[in-house]
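Shown next, in structure tokens, is the structure this report addresses.
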Amino acid sequence: MPRKKIAMIGAGQIGGNLAYMAAAKELGDVILFDIPAAEGLAKGKALDIAQLLPVAGAEARLAGTSSYDDVAGADVCIVTAGIPRKPGMSREDLLDTNVRIITDVATNLRRTCPGAFCIVISNPLDAMVYAFKQVTGFPKSRVVGMAGVLDSARFRAFVAMELDVSVEDVQAFVLGGHGDDMVPLVRCCSVGGIPVSELLPKERIDAIVDRTRKAGGELVALYKTGSAYYAPAAAAIAMAEAYLKDQKRVLPCAAFLEGEYGIKGTYFGVPVVIGAGGVERVLEIRLTEEERALVAKSAASVRRTVAETKL
Ligand code: A3D
């Protein structure tokens, strides 16, 4: 079987960790791409990670570049190009700068990687993945946004910390846009198969839901110079792995909806199946009235940001 090629577009904080994790998991050979001014960063990280692999006992080839010729033919492209938040900023404050960057990236990937499975991470996520799909014209099965896997992992981590149990035994998922009105579905959260509501009082669960919604901001306030990068990278790698290994994993992702959950023509965080066909299907579940209202609020926020996105 030919070696797989994975391109990280943006070699910053998340891009570097994506490259590290993809190589350590032997998902394929890795290209780290950045703009010419940051080519040294891309080349340096590729070299540094290549020197880590003998110690880690993993086999992958890595290269850094600022030329799309080197990216050409990638099987998977993970896009983190753009600026991250600084303290006091909302994700929407990044819109004007990042839409220009995403348009540039999408125009180049349309030409050089017409068959790739593309995962967008740049913020504001739901608007950036929409813009990427518009510019590339790629099918919805091959353009997906990473947010739900991260938001759900945060929810799971906070529940595990609260109960002092293994994160492995906590199942949960978060629906909706990647903003502070995302919808952590408490009804679907369980610990070793036991509904979380049997194990924690309502006020503790409410506090965890609130912390999950604001978890990105909590890290921006701690880091001061940027936003989270380890967990976002791990989340996107799980999505890439599901595609490359045809795992048919059920993962919450920003998918292009055409009527599912009553939403049409926009990206929104929902559970999907990822396999060799990319986003193979959206899993639609029945929501309670209260959940439907929360989803409608989150969808309205996404639509507002998309409406402000000038391509
Ligand atoms: P950072 O470390 O600044 O890396 C971004 C990289 O993009 C830099 O190296 C830039 O040089 C590069 N870049 C700029 N313009 C271009 C271009 N035209 N083509 C290619 N590369 C370019 O940021 P980061 O890695 O911390 O974050 C990247 C993005 O992810 C930001 O927009 C964050 O807001 C976003 N983010 C999203 C999540 C989600 O859950 C969706 C979580 C965390 C961060």
Side-chain angles (χ1 to χ4, degrees), residues 7-20 31-46 64-68 70-71 77-87 89-109 112 119-132 135 144-155 174 176-180 182 212-220 222-239 251-254 267-269 302 305:
M8 311 308 180
I9 311 300
Q13 295 284 32
I14 304 178
N17 280 291
L18 286 168
Y20 168 45
I31 294 285
L32 264 166
F33 174 93
D34 213 303
I35 51 175
E39 192 184 22
L41 186 75
K43 284 188 183 304
K45 288 190 179 182
T65 186
S66 63
S67 162
Y68 274 100
D70 298 322
V71 172
C77 298
I78 310 183
V79 179
T80 61
I83 53 166
R85 284 197 280 171
K86 298 247 167 60
M89 289 172 93
S90 75
R91 294 180 180 90
E92 286 65 35
D93 292 335
L94 311 174
L95 182 64
D96 292 343
T97 304
N98 283 357
V99 77
R100 278 197 303 276
I101 292 173
I102 288 294
T103 301
D104 166 49
V105 170
T107 305
N108 282 293
L109 292 184
T112 53
I119 302 170
V120 177
I121 305 186
S122 312
N123 270 320
L125 188 271
D126 303 277
M128 292 305 98
V129 63
Y130 178 81
F132 186 91
V135 175
V144 64
M146 187 295 293
V149 178
L150 170 66
D151 297 329
S152 305
R154 287 171 167 166
F155 190 14
V174 175
H178 185 57
D180 291 354
M182 66 180 75
T212 301
R213 288 194 171 122
K214 297 174 186 156
E218 183 177 353
L219 281 158
V220 171
L222 289 168
Y223 281 152
K224 293 194 172 64
T225 52
S227 52
Y229 43 92
Y230 294 116
I237 289 296
M239 294 163 66
L251 298 170
C253 300
Y267 273 85
F268 199 65
V302 170
T305 312

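Because the structure is a prediction, the values reported are computed rather than measured. Indexing begins at 1, ligand by ligand and atom by atom, following the structure's order. Heavy-atom basis, side chains included; hydrogens, waters and symmetry copies ignored. Position 1 is the first residue of the sequence, and the numbers go up from there.
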What are the atoms of ligand 1, with element, lying closer than 4.0 Å to any heavy atom of [X]?
X    : result
V105 : 19 (N)
L94  : 34 (O)
N98  : 32 (O)
L125 : 41 (C)
L150 : 40 (O)
P232 : 42 (C), 43 (C)

For [atom], find the nearest protein heavy atom and state the residue, atom name and distance (0.1 Å precision).
atom                    : result
atom 2 (O) of ligand 1  : Q13 N, 2.8 Å
atom 3 (O) of ligand 1  : P84 CD, 3.4 Å
atom 13 (N) of ligand 1 : D34 OD1, 3.6 Å
atom 5 (C) of ligand 1  : G82 O, 3.2 Å
atom 39 (C) of ligand 1 : H178 NE2, 3.3 Å
atom 4 (O) of ligand 1  : G12 CA, 3.3 Å
atom 16 (C) of ligand 1 : I35 CG2, 3.4 Å
atom 36 (N) of ligand 1 : N123 ND2, 3.3 Å

Crowding at OH, Y229 (>12 non-hydrogen neighbours, <6.0 Å): yes

Qualifying residues under side chain to side chain contact (heavy atoms under 4.5 Å, CB included), relative to E39, sequence neighbours excluded: K43, S66

Partner residues of T305 under the side chain to side chain contact (heavy atoms under 4.5 Å, CB included) criterion, sequence neighbours left out: E92, L95, P124, A127

Out of curiosity, [X] [atom1] to [Y] [atom2], how far, rounded to the nearest 0.5 Å?
X    : Y    : atom1 : atom2 : answer
K45  : D34  : NZ    : CG    : 8.5 Å
Y267 : F132 : OH    : CZ    : 9.0 Å
T107 : Y68  : OG1   : OH    : 8.5 Å
L150 : Y230 : CG    : OH    : 15.0 Å
I119 : C253 : CD1   : SG    : 8.0 Å
M128 : N98  : CE    : CG    : 6.0 Å

Side-chain donor-acceptor pair present, H178, D126, cut-off under 3.5 Å: no

Per-residue contact class, I121 against ligand 1 - non-hydrogen pairs under 4.0 Å: both

Structural part of R91 in contact with ligand 1, heavy atom criterion under 4.0 angstrom: neither

Nearest heavy-atom neighbours spanning G15 and L32: O-CD2, 3.6 Å

Shortest non-hydrogen contact between F155 and V174, atoms and distance: CD2-CG2, 4.1 Å

Does ligand 1 come near enough to [X] that some N or O of the ligand is less than 3.5 Å from an N or O of the residue?
X    : result
D104 : yes
I83  : yes
I14  : yes

Salt bridge present between D93 and K86 (N-O < 4.0 angstrom): no

Per atom 20 (C) of ligand 1, closest listed option by heavy atom (G16, A81, A11): A81

G226 to ligand 1, any heavy atom closer than 4.0 Å: no

